[in-house]
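Reviewing the structure listed below.
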Amino acid sequence: MVSLREKKKRKTREAILNAAIELFGKNGFEATSISQLAQKAGVGKGTVYSYFSTKQDILNAFCEGELEYVHEQLNTKTNPDAPVLEQLVTIFLAEFEYVTRTPEFGRLYMQEMLFPKKEMVLNHKELENKFLDMIFPIISRAQQRGELRADMKLLHLCGHFFSLFILLVHAWYSDLLGDQTAEEALTTLFSNALNGLQPPGTSIER
């Protein structure tokens, strides 16, 4: 059972993160100060530092939260034996929903994810490895079931789907999806990719 003290700590941390999402998205990452974050969250500046040493740590916490959300969606909406298309759509749709729930902050997040600052490359790789640790087993099982070509490296296969996810996010921000939902667009993009990545004589049914 979670103690009252722990509940309060979680609530304070969440308040700081929510303040950061709003202010980073509105004012930009560099232009937002710790003092502004503290004021917005309703806590002291020292309290912010007791949870996060730097603003980059706050952004990293958002990334960690995204991974937790994606993993939760994968576990609750599908299973390890489900078709690879179903599992991949679940993963990347969850990531899409998490990123776009706050559009202005989502832009900043995508920028930091795709073009990390030099001093943050190591931390970025750690988060990236956690994501790959989640998706590699899915792709590997699909290869074993004959759903994907077995002669391609896991990283290369993952890159196909990640690039299509980036395309989806771009289309959403550019208002290019039209009447399609994100799930419909993602399913179409992934289905087309899978048909080209399968062993000869197989096809994906939608």
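Along the sequence shown, residues are numbered consecutively beginning with 1. Computed from heavy atoms alone, side chains included, the values below leave out hydrogens, waters and symmetry copies.
A salt bridge does not link E147 to R141: none of the charged side-chain nitrogens sits closer than 4.0 Å to a carboxylate oxygen. A salt bridge links E6 with R10: the closest approach of a Lys/Arg side-chain nitrogen to an acidic carboxylate oxygen falls below 4.0 angstrom. The existence of a salt bridge linking K40 and E22 is confirmed by a sub-4.0 Å separation between a basic side-chain nitrogen and an acidic carboxylate oxygen.
Atom CG of L74 sits about 12.5 Å away from atom OH of Y69, to the nearest 0.5 Å. Interatomic distance, OG1 of T47 versus CD1 of I34, reported as 12.0 Å (0.5 Å rounding). The line from CG of L17 to CZ of F52 is 4.0 Å long, rounded to the nearest 0.5 Å. For the atom pair CG (L93) and CG (L88), the distance works out to 12.0 Å, reported to the nearest 0.5 Å. One finds the NE2 atom of H170 at 13.5 Å from the CZ atom of F165 (value rounded to the nearest 0.5 Å). For the atom pair E126 CD and C63 SG, the distance stands at 12.0 Å (nearest 0.5 Å).
No side-chain donor-acceptor contact under 3.5 Å links Q87 to the backbone of T78. With T187 contributing its side chain and E183 its backbone, the two residues share a donor-acceptor pair below 3.5 Å.
Residues L85 and S191 come closest through the heavy atom pair CD2-OG, 3.5 Å. Nearest heavy-atom pair, M152 versus Q143, reported as atom, atom and distance to 0.1 Å: O-NE2, 3.0 Å. The heavy-atom pair separating R107 from Y173 by the smallest distance is N-OH, 3.3 Å.
In this pair, F190 and F161 present their aromatic rings perpendicular. The plane angle is above 60°, beyond the 30 to 60° band. Relative orientation of the Y109 and F105 rings is parallel, given thresholds of 30° and 60° on the angle between their planes.
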Verdict with reasoning, I21 to I58, per side-chain contact (heavy atoms from CB on, under 4.5 Å): CA-CA 9 Å; I21 289 171; I58 299 176; over 6 Å; no
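Judged by the 6.0 Å distance and 45° axis criteria, R101 is not positioned over the aromatic ring of F96.
Other residues, nucleotides and ligands contribute more than 12 heavy atoms inside 6.0 Å of the CG atom of N79. Within a 6.0 Å radius of CD in Q39, other residues, nucleotides and ligands contribute 12 heavy atoms or fewer.
Considering only heavy atoms from C-beta on, L37 stays 4.5 Å or farther from V43 through its side chain. The shortest side-chain heavy-atom distance between E66 and F131 does not fall under the 4.5 Å cut-off. Side chains of E14 and N18 form a contact here, defined as non-hydrogen atoms less than 4.5 Å apart. No side-chain heavy atom of D179 sits under 4.5 Å from any side-chain heavy atom of E184.
Inspection of the Q73 and T90 side chains reveals no N or O donor paired with an N or O acceptor under 3.5 Å.
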